[in-house]
Amino acid sequence: MTIQRPRGTRDFLPEDTEKRGRAKKAMQDVLERWGYREVATPTFEHLELFTIKSGASVIEEIYSFKDKGGRDLALRPELTAPVMRMYVSELQNSPRPQRLWYFGNCFRYERPQKGRFREFWQMGCELIGGSKPDSEAEAIALADGMLKSVGVVGDIHVGYLGLIRSILSKIEVQHRSSVMRMIDKKERSALATLLEDIGCSHLGLLELIDLKGQPALDKAAEIVRDMGAGPELDVPADAPVASAPAGTAPSPAGRGSARQGRAVGAELRLEEFQETVDLLRAYGVNFTIDFEIVRGLEYYSGTVFEIYAEGLGAQRQICGGGTYELASLFGGKETSSTGFGLGFDRIMEIVPMERSRRSPVFLAFTPDVKIQAAKIAKELRKSVPVVFDVMGRGLGAQLKAAAGAGAEFVVIVGKDELDAGKFTLRDMSGGGQESLALPEIEERLKEHYQGF
RNA sequence: GCCGGGAUAGGGUAGUGGUUAUCCUGAGGGACUGUGGAUCCCUCGAGCUGGGUUCGAAUCCCGGUCCCGGCCCCA
């Protein structure tokens, strides 16, 4: 019996790996064209990093362990927390904004299904320290550009927590998290019942999340107008904004967990959201305004967005992100950031990728001139990929192998060629061949491999 | 964690409670000591795992593992 892969993991054969590499490269190019720089963090971290961010309940879904020194460690389940941890400890005094991107494997202890594995790859970026609408528009346009670069069409939904949280402030504290949860889970009828029961139907919440696109924004403006005079229950005072980055708010609860009620202030600044929307339109991004997008966690503080794609079964989301406040959670200064993560594996399931790999040149030789042939192979490798027989095959068998491997060209080296100083370049598709000096062969092949 | 469907050579498959388990493909070699994918020949290679029922199990039953789809969850 052979040893199996652990559950939820995958092997990537050469074809898979090539395809993934090409897709990664395409998206990476977009990131770099926007001025982002790659960073990398450890595969494992202190478990605490993730429980601080997401609450103790995530331990169930994390690969965590004690090392031999008794430390509680965890394989990273996501990359935003590690990157922000790194930012706080290494980059806080660097010029802002910081534009960082990353690509790495992550691990979650979950039931595998379509588009969900225990080891998976995330690609994403964090734009740290910018002002909200500008950063938000940049992040969303960037995500859009990355998907387009691999030919994936996503359905982009953009929401704004400033508004939702302001409406929530009209609702009694003990009901807020249930309301939030029901919005997130799209439990419409339960939400309607609850709002009715607590006498909050008049706030317009149901109508708001039902509407999509411009009508949703119009409704938002209406709600904001109506809310102007209403009583506010327990809204934290805004931070002095003069010198602080726009829109950040104090975090009275300090380093408490995001799941334990530590809500960052999300001020109601609909005009900021409007600006994000205007910028996105300027960038030519196709998106839907959708206030139902609230994302689970408390550290999100402004615009949030999710991107969905077809063809993935139950796991349709391929991207999620927004503006958040995490630096302070990890012991740093208040810093507003915007970022997103792309589910690389899910994207790979739907990229319409043409296979365009170029097979290496095969250098076929007669066994009696192996030594000289090896020298020629070495020379040719300066220009093009060259495969040299290691099976001890005769010339005929080498050609057969080259054909089987899909070679487009074979260079044949034998005693006659060595004597003449001219080698045979054989075109395997047509079957034609000609006798040429080595520099000419190099020239021809180099031309053929141009761009690969 | 829950529900359903699966597991037969490297890949894809057929079949039956009972001789030596199909076929296709693949891989290696040969016919072919300087010219390829053809053809022919040879070789390699399999019933997930543990238990039970049975004279006999790859087949029937149970547990486990893994895969596929869905639920829960999804930072």
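The shown structure was predicted, so the numbers you read here are calculated from the model rather than taken from an experiment.
Counting heavy-atom neighbours within 6.0 Å of A:Lys212 NZ, excluding the residue itself, gives a total above 12. Remark: A:Gln174 CD is packed, more than 12 non-hydrogen atoms of other residues, nucleotides or ligands lying under 6.0 Å away. Environment of CG in A:Asn286: sparse, with no more than 12 heavy atoms of neighbouring residues, nucleotides or ligands closer than 6.0 Å. More than 12 non-hydrogen atoms from other residues, nucleotides or ligands lie less than 6.0 angstrom from CG of A:Leu13.
Atom P of B:rG15 sits at a distance of 44 Å from the matching atom of B:rC74, rounded to the whole Å. One C1' atom belongs to B:rG29, the other to B:rU53, and the distance between them is 47 Å to the nearest Å. Between the P atoms of B:rU20 and B:rA58, the separation comes to 13 Å (whole Å). Taking the C1' atoms as reference points, B:rC73 lies 41 Å from B:rA14, given to the whole Å. The C1' atoms of B:rG17 and B:rG56 are separated by 8 Å, rounded to the nearest whole Å. Rounded to a whole angstrom, the distance from the P atom of B:rC48 to that of B:rG6 is 14 Å. B:rA21 and B:rA31: their P atoms are spaced 32 Å apart (whole Å). Taking atom C1' on both B:rU59 and B:rU16, the two are 7 Å apart, rounded to the nearest angstrom.
Evaluation of atom-type donor-acceptor distances gives a pair under 3.5 Å for the side chain of A:Arg116 against the base of B:rC74. Looking at A:Arg108, its side chain comes within 3.5 Å of the base of B:rA75 through a donor and an acceptor atom.
Contact annotation for A:Arg118: no contact, since no heavy-atom pair falls under 4.0 Å across all strands. Across all strands shown, A:Gln398 has no heavy atoms under 4.0 Å from either base or sugar-phosphate atoms. Using a 4.0 Å heavy-atom cutoff across all strands shown, A:Gly392 reaches no nucleic acid atom at all. Residue A:Gly394 is classed as having no contact, given no heavy-atom separation below 4.0 Å to the nucleic acid. At the heavy-atom level, A:Gly320 lies nowhere under 4.0 Å from the strands shown. Among the heavy atoms of the strands lying under 4.0 Å from A:Gln315 is at least one base atom, whether or not backbone atoms are also near.
A:Arg22 contributes no side-chain N or O that, together with a main-chain N or O of A:Val150, makes up a donor-acceptor pair within less than 3.5 Å. No side-chain donor-acceptor contact under 3.5 Å links A:Gln122 to the backbone of A:Phe344.
One finds no side-chain N or O of A:Arg5 lying less than 4.0 angstrom from the OP1 or OP2 phosphate oxygen of B:rC66. The shortest distance between the side-chain N/O atoms of A:Arg393 and the OP1/OP2 oxygens of B:rG29 is below 4.0 Å.
Between the CZ atom of A:Arg316 and the P atom of B:rC73 there is a distance of 17 Å, given to the nearest Å. Taking atom OH of residue A:Tyr308 and atom C1' of nucleotide B:rC74, one finds them 12 Å apart after rounding to whole Å. Atom P of nucleotide B:rC74 and atom CD1 of A:Ile62 are separated by 13 Å, given to the nearest angstrom. Counting to the nearest Å, the C1' atom of B:rU33 and the CG atom of A:Asp416 are 14 Å from each other. Nucleotide B:rC67 holds its P atom 8 Å from the CD atom of A:Gln4, rounded to whole Å. We find that CD of A:Glu119 is positioned 17 Å from C1' of B:rC66, with the value rounded to whole Å. As rounded to whole Å, 10 Å separates atom P of B:rA75 from atom CD of A:Gln122. Between A:Leu418 atom CG and B:rG34 atom P the separation is 14 Å, expressed in whole Å.
Pairing for B:rC66 goes to B:rG6, judged as Watson-Crick or G-U wobble with the two contacts each under 3.5 Å. When both pairing distances are held under 3.5 Å, B:rU33 makes no Watson-Crick or G-U pair with any nucleotide shown. In this structure, B:rC72 forms no base pair with any nucleotide, since neither Watson-Crick nor G-U wobble geometry is met with both distances under 3.5 Å. Base pairing of B:rU13 is not made with any nucleotide, judged by Watson-Crick or G-U wobble geometry with both donor-acceptor distances under 3.5 Å. Using N1 to N3 plus N6-O4 or O6-N4 for Watson-Crick, or N1-O2 and O6-N3 for G-U wobble, each under 3.5 Å, B:rG56 pairs with nothing.
Ring to ring, A:Phe44 and A:Tyr63 are not that close: their centroids are 6.0 angstrom or more apart.
Only one option out of A:Val410, A:Val384, A:Val387, A:Ile441 pairs with A:Val361 in a side-chain contact (heavy atoms from CB on, under 4.5 Å); it is A:Val384.
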*Run the numbers on A:Glu110 and A:Arg118 for salt bridge (charged side-chain N to carboxylate O under 4.0 Å, His left out), then give the verdict.*
CA-CA 6 Å; A:Glu110 296 181 296; A:Arg118 288 186 169 182; over 6 Å; no

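Judged by closest nucleotide on RNA chain B, A:Pro6 is the one of A:Glu306 and A:Pro6 placed further toward the 5' end. With RNA chain B read from its 5' end, the first of the two nearest nucleotides for A:Arg346 and A:Phe117 is the one closest to A:Phe117.
Taking the side chain of A:Arg7 as heavy atoms from C-beta on, and the options B:rC66, B:rG34, B:rA75, the nearest nucleotide is B:rC66. With B:rU65, B:rG69, B:rC74 as the candidates, the nucleotide lying closest to the side chain of A:Lys114 is B:rG69.
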*asked:* Can you build the contact string for nucleotides 35-43 of chain B? Use B for base contact, S for sugar-phosphate-only contact, and - for no protein heavy atom under 4.0 Å.
replied: BBB------

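Ion pairing of A:Lys66 with A:Asp72 is present here, as a side-chain N (NZ or NE/NH1/NH2) and a carboxylate O approach within less than 4.0 Å.
A glycosidic torsion no more than 90° from 0 defines the syn conformation; B:rG70 lies beyond that range and is anti.
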